Amino acid sequence: MKNKTSFPPQEGETHPSRCPDNSAFEQQKLPAWKPHLTLATVLSTFFLTGAFCLSVGVCLILSANSVREIQIDYSEKCSDCSKLRENTSNWNKECHCFVNFTLKEDILGDVFMYYGLKNFYQNHRRYVVSRSDAQLLGRNVNIQKSSCAPFTTYQNGTPMAPCGAIANSMFNETARPPYWQKPVYLLDEEDEKNNGYVNDDFIIWMRVSAFATFRNLYRRVSRVRQFADGLPAGNYTFHISYNFPVSKFKGRKHVILSTVVWSGGSNPFLGIAYVVSGTVAALTGFVITAIHLKLRKKKTYFQKE
Amino acid sequence: MALSVDSALYRWQRPGAPSPSQTLSESTPLLVPVRDKPKLHLKKWRIVFPNKRGDGTDWKGASMLYSGNRIRTTKYTWVTFLPQNLFEQFQRLGNLYFFFLVVLNWFPQLEIFHREMIVLPLVVVLLASMVKDAIEDYRKYQLDKMINFSKTRIYDREEHAYIEKCWKDVQVGDFVQLQCNETIPADILLLHSSDQNGICHLETANLDGETNLKQRQVVMGFSRQNELFEPELFQNTIVCEMPNNDLNKFKGYMKKPNQERIGFNIESLLLRGCTVRNTEAAVGIVIYAGHETKAMLNNHGSRYKRSKIERQLNRDIFFCVGLLFVMCLVGAVGHGIWAGNFFEHPPYDIPDENGNFLSPVLAGAYMFLTMIILLQVLIPISLYVSIELVKLGQVFLIHNDIDLYDEEADLPIQCRALNIAEDLGQIQYIFSDKTGTLTENKMVFRRCTVDGIEFSHQENARRLDTHKELDLDDEDFANLQRFTLPPMDIEKSATSKQRSMRPLRRCQSARAHFQRHTRTRSLGRCDSNQSQVAFSSPIEKDVTPDSILLRRVREAALQTENLSPFIHMKTSTSLTDFFLALAICNTVLVSTATEPRQRVTVPPPIKPSGITLEKIHQIFQRLKLASLSQSFSSSQSSSDLGISFSAKNAPEYRAALECCDNDRDCGASGGGDELQGKDSTDIGSASLDEVFKSMTDSSLPTDFCYEAESPDEAALVYAAQAYSFTLVSRTPEQVTVRLPQGTLLTFDILYTLGFDSVRKRMSVVVRHPLTKEIVVYTKGADSVIMDLLEDSAKVDTSAERRMKRIKEKTQKHLDFYARDGLRTLCIAKKVLNEDDFQKWANFRQEAEAAIDNREELLMETAQHLETKLTLLGATGIEDRLQDGVPDTIAALREAGIQIWVLTGDKQETAVNIAYSCKLLKQRDIVFTINTENKETCESLLNLTLEEVRKNSEAEKPQRKIWGVIPTSFSASEAPSSEFGLVIDGRTLNVIFQAGLEETFLELTKRCRSVLCCCSTPLQKSMVVKLVRRQLKVMTLSIGDGANDVSMIQAADVGIGISGQEGMQAVMASDFAISRFKHLKKLLLVHGHWCYARLAKMVIYFFYKNVSYVSLLFWYQFFCGFSGSTMIDYWQMIFFNLFFTSVPPLLFGVLDRDVSAETLLGLPELYKDGQNSEIYKLSTFIITMLDAFYQSLICFFFPYLTYKDSDIDVFSFGSPINTISLLTILLHQALVMKTWTLFHLVAMVGSVVFYFVFSLIYNAACVVCNPPTNPYWVLEKQLSDPTFYFLCLITPITALLPRFFIFALQGTFGATLILKAQQVDKLPRGQQDLQIQKLRSRTQSPSSASVPSPVSNDDLKQRISHLCVSPFLHPVPAAVSHGDTASRGLSASEVNHLRKLTPEEGYYFFNRWAEEESVAADSSAEPSSGHYPLVPRRVKTPGQDDDKQTKDRAHNFNHGSHRRSVSAVTL
């Protein structure tokens, strides 16, 4: 602060007095609210929190319980196909497998069909970045310089579209990683509009999921005819054209049918968390009350002396 | 640089070359004939040629070699700024770390963030520092520019006149003309002064802060005065020493063309930065310019100290580094294992560009480095920046505290060190200077003894007492004045009112400013200066004379003035001589109020005092006063009473008293009729005083102002003035004194032998105008003067016997003065006969002419003269305690701080001050160790230690019985409050030499206070270093003088008092305050706050970083330890940079855990900081655990919620980010104790800013951060109820434990801080009550018996009761029994006291009598209790009676021990 010259700065000239301002800020006397933990505030905090959490938790659990969900692991059932796929030379052989399951009761409402993958580390650092958003946006980019490497060009030198590991490992029981068997504009042969980079499955795949075990939305049960209210109880069969090998990285594949509610899916964790936290808060409140009562007695004794 | 100068100098090595034709030209530098080389060490000497601008190549060349007068204090230039600044910044470890990360990230294998992006934090930090440095430097640049472009007048040969030029253009060899009030642009050798004596006055306030004027003399034997100086004719060459930074030394000589040499020294050098005063014009030649001036060479930048918190912080940083290492290792190993699990590479394991895969081990190794980059924030680099910012804010607030502002000096506290504010909150030991620190260093004449007769100056004492109150209230003062002064003098009361206001104005003008060179302003300054000068405030100026002495002085003076040399009443001549000596024997300059700072060199024409008019006037006044002074006379009589008492008790005094009575009779008969009338009308002496005073005043033409080099001198001159021996003028040759009757006596000054610390005295040799005798008046320290007195061993004549008696008595008085804390000076005289004087004068002249050994020769001659002196008397000057010192010391001690006083003063003086400022208490056992012998010292130390140990052990069970042990109380930190240790410099030396430091420290640890007397500056610093190093404690040194500098620098925190003794201490200090009492608020409030704030902030930063970074770490377990992040990098950077940075900074600057009032009321609260309660290892670890817990919650709640769902990476990350933001901010909210509007805005603002930023970023940014893309993530999350549920429950659960702990703290072991916080909540009235309650509870039983809330009044009473200083408090107040009992004194003591009460006012005399009887009977009673020094002192005259001493010491200790225990058990 002090400068190194031989003269003190000429404060005296600008300010007649060097007396500091008597402002509340500089004198550190700003009006302030000083929260202080008293017994009343502490106890009311704990009990109110407890009550609130408990009630919310119960609601959440109830709503989560109302979700109907069925999960079918077909890794075992299609093990033949899986073995076939382990050998890359069989890439052009088709393999189909059938998974049967029974619904014991109706699943009402909108039913969503997911495919689930286990042990598929879509969140691997180098996997996550292996994409080119600019390319997906349709911009003309030099993908050699993008982070798609090494999935940038085919061996013949034509650039990959879409490039990158994510796109090239797309879960598609009809496509075969790591290279696109058919061009991206033929992803959906039924719906012309659902092709190219705007293909739903492709978009969903490109949203890399957060964990190694995840599910991605695949289809929705269209509520027509007998399925107007959802899926009625009965026997069903999935017809799977097995293309996506997972056994070599100990992966597993599922098909999931599920409904959703306002509070999300079937995961009851949030509700449980609320209930537990609420309980703990309430219990803590009781503990504090107990401690206080005990200590107060002691204190009066102490003071008397 | 120096080398080049020197080699270049070679060419100019021929100063004063005989023929000008031989001037060297630039083209032939090598043709210098070597044989002509004069015998000058060019590396040692500087040669200055006068500026011959125009013709002289000599000058031109030579002056080019020396630096010009342009100064540049900036660190950088435009060109060097970038590289130099970067270089400096990269020397910091933190920046290097950042740089390392950037480099790491550059490797494609490790690249985890964008290369450009990871540079960002580094760039931000570097830029911030750069901007700060640039602004700082720019300010300096501007100031430099202003100074460089200041104007001064330089002689120009072409124009043959002085023309105005900028400072920067001044060069060595230039002739500079200076006018009054101008600032000196360079170091200039004074060649001419408009003053007839060739003197130029300097104010060096800019340089050292001393406001008195210094004299500079034109180079002696050079100029003919009263002749205009012609630079053209100046042909001399100047040879002087190379530039150095010694402000007090300079020597060289001037070589005339005819080879004649004229020597000069510092007395002729005008230093850059000083201001010319009182001198119309001065001309000099520039010797050093620019950076080579002494002022610039003395400028050092502010010091960099590392505070204790920062040292601890470094330890924790290393902990974090360890943590980082562990985390990275986990990541590396985890990744290796994970990668090794696959038989074949899965599709998500991407090969590198060439399609190759890494082996698991190599992948693991890479991962280690990757993780470092990922988790880099764990090392809180931002913490350093934040700490700097917070400290800046804290220092700003300290600086602006109005309570630390001294109105009188117009000085706020100066914070010179910016980075150790929090150390103020952790001080354990204070080392204080005494003079000027504890005391005001305002010398007030208190008492004197002349011819062995003591004059107690009761009235003066009373005046001083009332003055204290006056300081508090101006209005009262005015009233009082009006009351005491006759109504006729209403005008005068007005002036005195002014006077009381004056200190404010005075100090404003006297303080060091940078003076702009507009003369008008400076003149205006002079005007406002009025009559006030350097050291004299009214309290020092107005000495109320002792009535008896005054009367006798007037009689004596009458005789002198009547020129009756045959009357040799010894007393009267001594009295006259005494006061003459006071008035003459000094170097005081006289100036008058009408002509400020104009020295009075010619005696003002004063007509001899009018007789008739004034006398009528006086009588008139006297009559009026008769009624007014009734109230006074009652108390006034006490002094007379006192004399009679003493006469009864001390037989020896009867003679003196008789003498006095005789005198009075004499005076009545021989003195003026007016005096007689006085006695007969029997009016109290107070009115007499007034008459005298008003008479003197009315006959004074002007108010004289004295400018003295030391405050003691001024005090003595004012004292002499009070007795109407007024110093009227002083020139180097003559000094004029006006005697009481108005006669002016002009003495020829033959010699003045200045004061130096070796001789410890000064003398003037004058010729008496009446008797024509040559008289030497000497004044000096009593220890020195007493030895120089005429040898009275052979007692022959009655006169000599009388001398001896006077000497003995004076010595006794001196001893009592010293015990009373007065500074003593002896005044002596010697009459020389003409021959002796001539002989000596020859010697002296030789010595003065000598070039070698001049100093020693001068010293020798001085010593030769100052022998066989006749003692005239002695004076006692009081150095008053500063306001609030006892209170401050008590509070600091209560805060658990040990206070040591290290002083160069005498032991008695020091001990007394220690008692009066409550450093020692009456019931303390004081050990005094004075020895020069090693063995004695060792045994004494051991003995004392043993004794102290025994005592403290005996005390311990007692403590338990008493029961109330405060929670924060621990035995090791609270030394037994029962012991004091007094030690002197010699003993300290022995301790240091003999390696007894440990024993000494062991002893001091158990002592309540330690006093080191007679210690040198070096010893002071050694003591500080010893304690600091050996005990590993935080130390603070406080002092005001140059002798405290080393001590201030040795301590952790150095505090300078900007007081009377210049700026050296301030320059060396970290903080500069103007009063000792400010220390209380500075430490107890600001220290506590700064510590608490910073400590909490540091902890919070660690918590914040760890809890946030851990989130990333937990995620690694779910992404194959691949180094993925679920949070977008920008949001991550912003999280630390913006979202969570402001609240902790605000917290660090503004939080107030306890209010200032409570902190001051409960000094105990300070112990928190002392023991580093807030920031210590356990707190740190707990915080770390809490951080881990919170991060676990913050990660796993979302994880478990979104597990197995179709959540994508960033959708998973954004609730986590949000949650941890909320948690971290709410955590801060829990820690925060004060919520102002700022806090609220910062808190809410942070959250709002987060959401706004993230929403915009997520919406607008599609491919701005490829390849990762958080597009529309938060928007989507915000439409999902799960997000809200998550954001609600997670912070609650995360903060539950912390809240629980806070709650428990309040209920369970409530700390003092919490209680104080509760107190804060109470309404005003109850607060004090509650504080008292808390205090009494927390105090240890031993001190609980002492009334703790000590107001000043109470304290004063206590002191006077306990009879430390009857001098100070002569009027006793009755001691009620209950009162005393409540103070915990033993019954016997009370009785003793009460018995004494009636006589207390004259206790001084009583004690003398007692003392004499005691002296005869050596077995003094150790438990006299009222006089703590005598019985408890452990003195060791020598080794031979060592054993005896030991035994005695033992006995004494036992005695006092018993006493103190009895006091405790009561």
Side-chain angles (χ1 to χ4, degrees), chain A residues 2-8 10 12 17-20 22 26-28 30 32-34 36-37 42 49 121-131 133-134 147 149-150 165 169 177-178 207-211 213 215-217 248-249 262-265 269-270 273-274 277 284 288 291-292 295, chain B residues 73 140 143 147 206 272-273 295-296 299 301-302 342-344 346-348 350-351 353 355 397 400 402 405 410 412 416 512-514 1118-1120 1122-1124 1126 1197 1200-1201 1204-1209 1212 1233-1236 1263 1266-1267 1269 1281-1282 1285 1289 1292-1293 1300 1302-1303 1306-1307 1317 1321:
Chain A
K2 273 265 165 180
N3 43 66
K4 285 186 178 178
T5 53
S6 54
F7 311 104
Q10 46 183 151
S17 162
R18 285 191 259 186
C19 180
N22 196 3
E26 283 174 26
Q27 300 313 317
Q28 310 199 42
L30 285 174
W33 172 59
K34 293 191 165 191
H36 197 78
L37 296 182
V42 167
T49 311
Y121 283 85
Q122 242 197 335
N123 57 10
H124 188 284
R125 174 171 60 94
R126 311 237 315 284
Y127 182 84
V128 168
V129 299
S130 186
R131 61 190 286 162
D133 286 331
S147 51
S169 63
R207 278 180 69 225
V208 288
S209 80
F211 310 112
T213 302
R215 63 176 71 168
N216 273 344
L217 188 61
K248 51 185 175 183
F249 52 85
W262 60 276
S263 64
F269 171 77
L270 211 50
Y274 268 92
S277 297
T284 316
I288 287 179
I291 289 174
H292 180 76
L295 268 189
Chain B
T73 55
K140 282 185 199 164
L143 208 78
I147 290 167
N206 279 339
R272 180 189 172 117
M296 295 300 288
N299 257 308
S302 57
F342 305 116
F343 312 111
E344 200 179 319
Y348 46 81
I350 315 286
E353 281 173 54
L397 287 177
N400 276 304
I402 207 160
Y405 167 75
D410 187 33
R416 296 173 47 81
H513 277 317
F514 173 74
F1118 303 95
C1119 68
S1122 61
S1124 277
M1126 66 288 195
F1197 268 41
L1200 292 171
T1201 308
D1204 287 341
S1205 72
D1206 58 343
I1207 194 93
D1208 65 296
V1209 174
F1212 173 63
K1233 294 289 184 277
T1234 329
W1235 283 83
T1236 64
V1263 283
N1269 186 355
T1282 314
F1285 282 115
I1289 188 67
I1292 290 178
T1293 318
F1300 178 63
F1302 277 136
T1307 326
Q1317 282 164 3
K1321 287 238 138 188

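What you see is a predicted model, and the numbers here were worked out from it, not measured in a lab. Throughout, protein chains are lettered first and strands after them, A, B, ... in sequence-line order, and every chain is numbered starting at 1. Heavy-atom basis, side chains included; hydrogens, waters and symmetry copies ignored.
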Determine yes or no for a side-chain-to-main-chain donor-acceptor pair under 3.5 angstrom, with A/Arg125 supplying the side chain and B/Ser1122 the backbone. yes

According to the interplanar angle, ranging from 0 to 90°, do the rings of B/Tyr348 and A/His124 count as parallel (below 30°), tilted (30 to 60°) or perpendicular (above 60°)? tilted

Which heavy atom in A/Arg215 sits nearest to a heavy atom in B/Asp1204, and how many Å separate them? NE-O, 2.8 Å

Might you point out which heavy atoms bring B/Ala1303 and A/Ile288 nearest each other, and give the distance in Å? CB-CD1, 3.9 Å

Polar side-chain atom of A/Arg126 near backbone of B/Ile350 as donor-acceptor pair, under 3.5 Å: yes

Could you tell me which residues satisfy side chain to side chain contact (heavy atoms under 4.5 Å, CB included) with B/Asp1208, sequence neighbours excluded, listed by chain and number? A/Arg207, B/Phe1210, B/Ser1211

Determine the minimum heavy-atom distance between B/Thr1282 and A/Ser263, stating which atoms define it. OG1-O, 3.3 Å

Between A/Ala273, A/Ala134, A/Ser130, A/Gly265, the one whose heavy-atom pairs under 4.5 Å with chain B are most numerous: A/Ala273

Identify which of A/Leu270, A/Thr213, A/Val42, A/Thr284 forms the greatest number of heavy-atom pairs closer than 4.5 Å to chain B. A/Leu270

Heavy-atom cut-off 4.5 Å, strictly under: side chain, backbone, both or neither for A/Gln27 against chain B? side chain

Determine the option with the most heavy-atom pairs under 4.5 angstrom with chain A, choosing from B/Thr1293, B/Asn1269, B/Ile1292. B/Asn1269

Using heavy-atom distances under 4.5 Å, tell me whether A/Phe269 contacts chain B through its side chain, its backbone, both, or neither. side chain

Checking B/Ser1124 side chain against A/Asn123 main chain: does a donor-acceptor pair fall under 3.5 Å? yes

Taken to the nearest 0.5 Å, the spacing of B/Ser1205 OG from A/Asn216 CG works out to 10.0 Å

Mind checking the CD-CG spacing from A/Gln28 to B/Leu397? Nearest 0.5 Å is all I need. 4.0 Å

When only pairs under 4.5 Å are counted, which of B/Phe342, B/Phe1285, B/Phe1212, B/Phe1197 shares the most heavy-atom pairs with chain A? B/Phe1285

Taking all heavy atoms of B/Gly1120 and all of A/Tyr121, pick out the closest pair and write down the distance. N-CE2, 3.4 Å

Just wondering, do B/Pro351 and A/Pro150 contact through their side chains at under 4.5 Å, heavy atoms? yes

Going from NZ on B/Lys1233 to NZ on A/Lys34, what distance comes out if it is rounded to the nearest 0.5 angstrom? 10.5 Å

Who are the side chain to side chain donor-acceptor pair (under 3.5 Å) partners of A/Thr49, not counting sequence neighbours? none

What I'd like to find out is whether the side chain of B/Cys1119 reaches to under 4.5 Å of the side chain of A/Phe211, using heavy atoms alone. no

Show your working on side chain to side chain contact (heavy atoms under 4.5 Å, CB included) between B/Ile402 and A/Cys19 and close with a plain yes or no. CA-CA 7 Å; B/Ile402 207 160; A/Cys19 180; 3.9 Å; yes

